[in-house]
Amino acid sequence: WIVYHLLVTFFPTGRDDITGQFGLIWQVLKEPLIVPALKLLVVVCLGMSIMLFIERVYMGIVIVFVKLFGKNPNKMYKWEPMKDDIEVGNSAYPMVLVQIPMYNEKEVYQLSIGAACGLSWPSDRIIIQVLDDSTDPAIKSLVELECQRWASKGINIKYEIRDNRKGYKAGALKEGMKHSYVKQCDYVAIFDADFQPEPNYLWRTIPFLVHNPEIALVQARWKFVNSDECLMTRMQEMSLDYHFTVEQEVGSATYAFFGFNGTAGVWRISAVNEAGGWKDRTTVEDMDLAVRASLKGWKFVYVGDLKVKNELPSTFKAYRYQQHRWSCGPANLFKKMAIEIVKNKKVSLWKKCYVIYSFFFVRKIVAHIVTFVFYCVVLPSTVLVPEVSVPKWGAVYIPSIVTLLNAVGTPRSLHLMVFWILFENVMSLHRTKATFIGLLEIGRVNEWVVTEKLGDALKGKLPAKATKKPRIRIRERLHFLELCAGAYLFFCGCYDFAFGKNRYYIFLFLQSIAFFICIWLHWHLCPLLL
């Protein structure tokens, strides 16, 4: 009511008075320019919404069939447990390389190295390779000492460093594969610094590769150890659970293709080499390798019931940087590989269509753009331009169905759906920005900021280094885009409350508040506790 009375006080005659205050420019531009442009945007956004809706429904139908008919990897491919051979001894087991790339991972290096060294496999048939790109001498010393400690226990562990960080993670993995002892290895398992595989991980994955020569990759699911840390991590869990429960399952069951998640996977080394090895041309070196290997005819298997523990970003700042990389990289890779995929002769037309349209275009580009442009720009703008309207099926029904389909991956968080919608809309701003940066190859297209991990510090809620306050530029503190988006949504909400007929103001107020809260979250460690 305060907002309403303020608007009526300053604009007593309603909409006409407001337009009068803004001047003749609005009147001149509105009919010939703004209305047609907004109508065009509505049509485009509705088209993209339908594309996303069809994609979600299709994957929903496929996953139902997969579950009903038990189309799991063990039935689709040959899988038999590895058996001892008395005559040849341990030589019956393939040689496995385990790579752990890390960069200044003070909080988690012991967890990942310990978990890798605890993998159950014949000790003379496994090599643990720690690829340390740390720039902090103290942390490098700690990691090296940890490797020496495990080596003293009889573990075959190698500590490898470089004199530069060229190529970031891809560069480290590429250099790691050049060592002479790698030539004797058949498979390579990769775990990021915060991942902790269970001891039986190799016993579950390696048989797929041994008994099926056409398989190049076996991917496990992620299990989040800190998903209950706060509201933000719960919402991240909702988004990622859909990816693992539906997207990866559908890709594996129908096309034997999906994006390698960069960790918790085992590769056939010959397939990696045939695909051209690791490349650092984008910030999604994992997806790049997966697409290239798929175009060579290799198949991938996703084992959804095999889970590897890892950590979700506990600060909004870390999550935002992660999402920039995960959104910019795929868009940039799509630009670089679209023609190559079309011209490929080794895979079927249907698989090429799936990779180009479904995997890249709809999921990596359309999904980000339509979420922000439609719900944070176009829909609010129709409040100010009543000549343009959005049909109810586009504004309510399709978004509701898509949201419900997204939520199936995490049933325990259904009561948080409203918060998840608002949070995802905020993140869509950063994802849309990153997507265009990737497509246009401008600005921060190759920026790689390692996601901060807190490890055991999570138990104390605040990491030891949280007291340090780095110098931040005023522009970064203000978060201009978020402020503008929040202010615009709030203004549209006020206008709709006072003069509009759309009744969007409840959504607009809540969404604007979500933008403002996320600005505050940027500098705090997971303050929204459950």
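- The environment of NZ in Lys433 is sparse: at most 12 heavy-atom neighbours from other residues, nucleotides or ligands sit within 6.0 Å.
- Scanning for side chain to side chain donor-acceptor pair (under 3.5 Å) contacts around Tyr168 gives an empty result, with sequence neighbours left out.
- Taking CG from Asn90 and CG from Asp124, the interatomic distance works out to 4.5 Å, rounded to the nearest 0.5 Å.
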Q: Verify side-chain hydrogen bond (donor to acceptor under 3.5 Å, both in side chains) between Thr135 and Asn104, making sure each step is shown before the conclusion.
A: CA-CA 7 Å; Thr135 54; Asn104 293 337; 3.1 Å; yes
Q: Mind running salt bridge (charged side-chain N to carboxylate O under 4.0 Å, His left out) on Lys223 and Glu198 for me, showing each step along the way?
A: CA-CA 11 Å; Lys223 179 182 179 181; Glu198 296 295 332; 6.0 Å; no
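- Among the candidates Asp286, Thr283, Asp133, Asp192, the single residue satisfying the side chain to side chain donor-acceptor pair (under 3.5 Å) test with Lys169 is Asp192.
- Heavy-atom minimum distance, Ile139 versus Ser134: CG2-OG, 4.0 Å.
- Considering only residues two or more places apart in sequence or on other chains, Asp194 meets the salt bridge (charged side-chain N to carboxylate O under 4.0 Å, His left out) condition with none of them.
- Here the side chain of Ser428 pairs a donor or acceptor atom with the backbone of Asn425 at under 3.5 angstrom.
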Please output the side-chain donor-acceptor pairs of residues 252-259 that fall under 3.5 Å, not counting sequence neighbours, one pair per line with the distance.
{"from": "Ser252", "atom 1": "OG", "to": "Tyr302", "atom 2": "N", "distance (Å)": "3.1"}
{"from": "Thr254", "atom 1": "OG1", "to": "Val250", "atom 2": "O", "distance (Å)": "2.5"}

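- For Phe419, the ring-ring contact (aromatic ring centres under 6.0 Å, His included) test picks out no residue, with sequence neighbours left out.
- The number of heavy atoms from other shown groups lying within 6.0 Å of CZ (Phe516) is above 12.
- Atom SG of Cys230 and atom CD of Gln236 lie 7.5 Å apart (nearest 0.5 Å).
- Separation of atoms SG (Cys376) and CD (Gln511) is listed at 4.5 Å; rounding is to 0.5 Å.
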Q: Before giving the answer on salt bridge (charged side-chain N to carboxylate O under 4.0 Å, His left out), spell out for Glu441 and Lys336 the whole-Å C-alpha distance, their side-chain angles and the decisive distance to 0.1 Å.
A: CA-CA 10 Å; Glu441 291 191 281; Lys336 293 178 184 294; 2.8 Å; yes
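- In terms of heavy atoms, Asn332 sits closest to Arg281 at OD1-O, 3.8 Å.
- Between Phe260 and Trp278, the ring planes lie tilted relative to each other; the angle falls in the 30° to 60° range.
- For the pair Glu237 and Ser413, the tightest heavy-atom approach, listed with the atom from each and the gap, is OE1-OG, 4.1 Å.
- Going from atom NZ of Lys299 over to atom CD1 of Ile215 covers 8.0 Å, rounded to the nearest 0.5 Å.
- The ring-ring contact (aromatic ring centres under 6.0 Å, His included) test applied to Tyr357 returns no partner, not counting sequence neighbours.
- Ala170 and Glu285 get closest at one heavy-atom pair: CB-CB, 3.5 Å.
- In terms of the ring-ring contact (aromatic ring centres under 6.0 Å, His included) criterion, residue partners of Phe334 (sequence neighbours excluded) are, by chain and number, Phe360.
- Under a 4.0 Å N-O distance rule, the pair Arg412/Asp228 qualifies as a salt bridge.
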Q.
Using salt bridge (charged side-chain N to carboxylate O under 4.0 Å, His left out), reason through Glu424 and Arg431 one step at a time and then give a plain yes or no.
A. CA-CA 10 Å; Glu424 283 294 292; Arg431 292 170 183 149; 2.8 Å; yes
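- Under 3.5 Å, the side chains of Tyr181 and Gln129 contain a donor-acceptor pair of N or O atoms.
- The two residues Ile269 and Met177 make their nearest non-hydrogen contact at CG2-CE, 3.8 Å.
- Between the side chains of Gln248 and Asn261, at least one donor-acceptor pair of N or O atoms lies under 3.5 Å.
- Annotation for Lys343: atom NZ does not count as buried by contact number, only 12 or fewer foreign heavy atoms lying within 6.0 Å.
- Checked against the 6.0 Å centroid criterion, the rings of Phe423 and Tyr319 qualify as a close aromatic pair.
- Inspection of the Asn310 and Thr263 side chains reveals no N or O donor paired with an N or O acceptor under 3.5 Å.
- Salt bridge status for Asp241 with Arg234: absent, with no side-chain N to carboxylate O gap under 4.0 Å.
- For Tyr93 and Trp203, the gap between ring centers is short of 6.0 Å.
- Judged by distance alone, with hydrogens and angles left aside, the side-chain atoms of Lys352 form a donor-acceptor pair with the main-chain N or O of Val342 at under 3.5 Å.
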